[in-house]
Amino acid sequence: MASRDFPNDILSGSADEAAIGLLGCLLIREFDDGGIAAARIVETEAYDQNDPASHAFHGRSERNAALFGPSGRAYVYISYGMHRCFNVSAGDDGFGAGALIRAVEPVRGVEIMRERRFANRSGSRTTVGNRKDVDLTNGPAKLCQAMGIDLKLYGHDLSTAPLYLERNALLEGERIAASPRIGISKAAERLRRFFIVDNPYVTKSPLNRRNTLLAG
DNA sequence: CGTTGGATCCGCT
DNA sequence: GCGGATCCAACGA
């Protein structure tokens with residue numbers, strides 16, 4: 001089933017508008033076995049083709065094509081050779097822009113996420129201790145693992161199953177802050193990271209202290 | 001609780 | 001060849 005309230009307007013503008021507007025929205029994943037996982041977006045980063053830190057900065061390529069396509073598509077890439085990161089494309093067709101989803105808060109299917117994240121990998125006998133729910137989805141590669149987002153979903157239309165977005169307002173009293181982005185070296189001063197203040201799933205970072213509270 | 005180093009591979013100025 | 005939009009185990013305090 002497709003999303004009943006896909007936030008099209010949120011994604012059609014700038015990368016910043018998309019990154020801010022996606023906060024609070026639900027990300028829903030339908031697995032092949034019928035299981036469903038859902039999570040609230042609590043931390044994002046904006047990137048676009050005018051930004052030296054963006055994968056779109058050096059122009060369109062096979063890898064980053066989803067960023068240049070229409071808004072509301074999945075841009076998935078491999079990070080550090082072994083992790084996956086998930087972006088939502090933004091802006092007009094032809095303009096490279098998107099929002100990296102850095103953290104989400106589980107609202108449904110926590111058991112599925114726990115299984116996907118913490119099940120013993122390839123027979124190794126690693127101790128599965130000290131595993132807390134906050135570690136399920138408090139990072140860009142973690143949430144991809146928890147929600148089964150991989151390269152097979154590259155370019156996927158995020159208004160349709162098996163992975164889709166749904167509009168959802170912030171909770172009463174929740175505030176949004178902007179900070180520099182995490183883990184980049186280029187354009188490191190730009191305030192293009194956005195997060196819900198005091199949400200436990202937001203990545204802990206010294207950059208959190210250099211934030212600016214946004215109006216609203 | 002904070003810091004550090006290793007894993008691992010794709011795409012590129 | 002090099003450098004990541006990262007994660008986690010293994011320390012030390």
Side-chain angles (χ1 to χ4, degrees), chain A residues 11 14-16 18-20 22-23 27 41-68 73-91 96-104 106 113-155 178-195 200-211:
Chain A
L11 305 175
S14 69
D16 293 87
I20 294 169
L22 281 171
L23 292 175
L27 181 66
I41 297 171
V42 298
E43 178 182 357
T44 59
E45 287 180 358
Y47 293 88
D48 65 54
Q49 65 180 53
N50 296 323
D51 184 336
S54 172
H55 292 167
F57 185 64
H58 297 292
R60 189 177 198 141
S61 68
E62 190 173 346
R63 177 202 192 200
N64 66 22
L67 290 173
F68 287 83
R73 306 301 172 92
Y75 167 54
V76 186
Y77 70 94
I78 304 295
S79 175
Y80 292 89
M82 67 188 85
H83 299 298
R84 302 177 296 272
C85 289
F86 166 59
N87 293 243
V88 178
S89 67
L100 169 71
I101 309 302
R102 277 202 59 90
V104 300
M113 299 188 200
R114 208 175 276 135
E115 181 71 19
R116 299 192 66 94
R117 284 274 299 139
F118 302 148
N120 285 352
R121 329 162 170 140
S122 59
S124 81
R125 252 173 304 141
T126 51
T127 310
V128 187
N130 279 2
R131 301 297 210 161
K132 302 195 300 185
D133 278 358
V134 74
D135 288 317
L136 289 172
T137 54
N138 64 348
K142 295 178 186 181
L143 71 91
C144 283
Q145 190 180 5
M147 301 198 68
I149 299 173
D150 58 24
L151 288 176
K152 290 197 291 291
L153 288 166
Y154 187 95
S179 85
R181 291 166 291 186
I182 293 179
I184 61 169
S185 55
K186 288 166 270 192
E189 299 310 307
R190 297 189 191 182
L191 300 178
R192 301 198 84 182
R193 169 174 176 251
F194 307 98
F195 58 95
Y201 287 83
V202 170
T203 309
K204 301 291 186 283
S205 165
L207 296 172
N208 290 1
R209 281 186 252 109
R210 295 175 49 199
N211 70 69

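Numbered from 1 within each chain, the chains take letters A, B, ... in sequence-line order.
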Atom pairs, protein N/O to nucleotides 10-13 of chain C N/O, distance under 3.5 Å:
none

* **side-chain contact (heavy atoms from CB on, under 4.5 Å) against A:S205, all qualifying residues, sequence neighbours excluded** =>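 Partners of A:S205 under the side-chain contact (heavy atoms from CB on, under 4.5 Å) test: A:I182, A:L207, A:N208.
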* With sequence neighbours excluded, give me every salt bridge (Lys or Arg N to Asp or Glu O under 4.0 Å) pair touching residues 145-155 of chain A. =>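 Only A:D150-A:K152 qualify under salt bridge (Lys or Arg N to Asp or Glu O under 4.0 Å).
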* Asked: Under 4.0 Å between a Lys/Arg side-chain N and an Asp/Glu carboxylate O for A:E45 and A:R190?
  ->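 Looking at A:R190 together with A:E45, the answer is no, because their closest N to O distance does not fall below 4.0 Å.
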* Structure string for DNA chain C in dot-bracket form, Watson-Crick and G-U at under 3.5 Å, | interchain -> ||||.|||||||.
* Report the residues that fulfil salt bridge (Lys or Arg N to Asp or Glu O under 4.0 Å) with A:R116, sequence neighbours left out, ordered by chain and then residue number. =>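 Salt bridge (Lys or Arg N to Asp or Glu O under 4.0 Å) list for A:R116, sorted by chain: empty.
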* Flag, side chain of A:R117 to backbone of A:L136, donor-acceptor distance under 3.5 Å ->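 Present.
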* **Pairing residues for A:Y77 by the ring pair (Phe, Tyr, Trp, His ring centres under 6.0 Å) criterion, not counting sequence neighbours** =>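 A:Y77 satisfies ring pair (Phe, Tyr, Trp, His ring centres under 6.0 Å) with A:H55, A:Y75 once adjacent residues are dropped.
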* Could you tell me which non-hydrogen atom of A:I184 sits nearest to which non-hydrogen atom of A:A53, and how far apart they are? =>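 Shortest heavy-atom contact: CD1-CB, 3.9 Å.
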* Nearest atoms (heavy-atom pairs only) where A:A90 meets A:A18 ->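 That closest heavy-atom pairing would be CB-CB, 3.7 Å.
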* 5' to 3' on DNA chain B, which nucleotides open and close the contacts with chain A (atom under 4.0 Å from a heavy atom)? ->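 Footprint of chain A along DNA chain B, 5' to 3': B:dA7 to B:dT13.
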Does [X] have any side-chain hydrogen bond (donor to acceptor under 3.5 Å, both in side chains) partners at least two apart in sequence or in another chain, and if so, which?
| X | result |
| --- | --- |
| A:E43 | A:R102, A:R193, A:T203 |
| A:E62 | none |
| A:R181 | A:D51 |
| A:R60 | none |

Return the polar atom pairs (N/O with N/O) between nucleotides 3-6 of chain C and the protein under 3.5 Å, or none.
residue : atom : partner : partner atom : Å
C:dA5   : OP1  : A:H55   : NE2          : 3.2
C:dA5   : O4'  : A:Y47   : OH           : 3.4
C:dA5   : N9   : A:Y77   : OH           : 3.3
C:dA5   : N7   : A:A53   : O            : 3.4
C:dA5   : N7   : A:H55   : NE2          : 3.2
C:dA5   : N6   : A:H55   : N            : 3.3
C:dA5   : N1   : A:N87   : OD1          : 2.6
C:dA5   : N1   : A:N87   : ND2          : 3.4
C:dA5   : N3   : A:Y77   : OH           : 3.1
C:dT6   : OP1  : A:R102  : NH1          : 3.2
C:dT6   : O2   : A:H83   : NE2          : 2.8

* What does A:R63 touch in the nucleic acid at a heavy-atom separation under 4.0 angstrom: a base, only the sugar-phosphate, or nothing? ->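 Contact class for A:R63: sugar-phosphate only.
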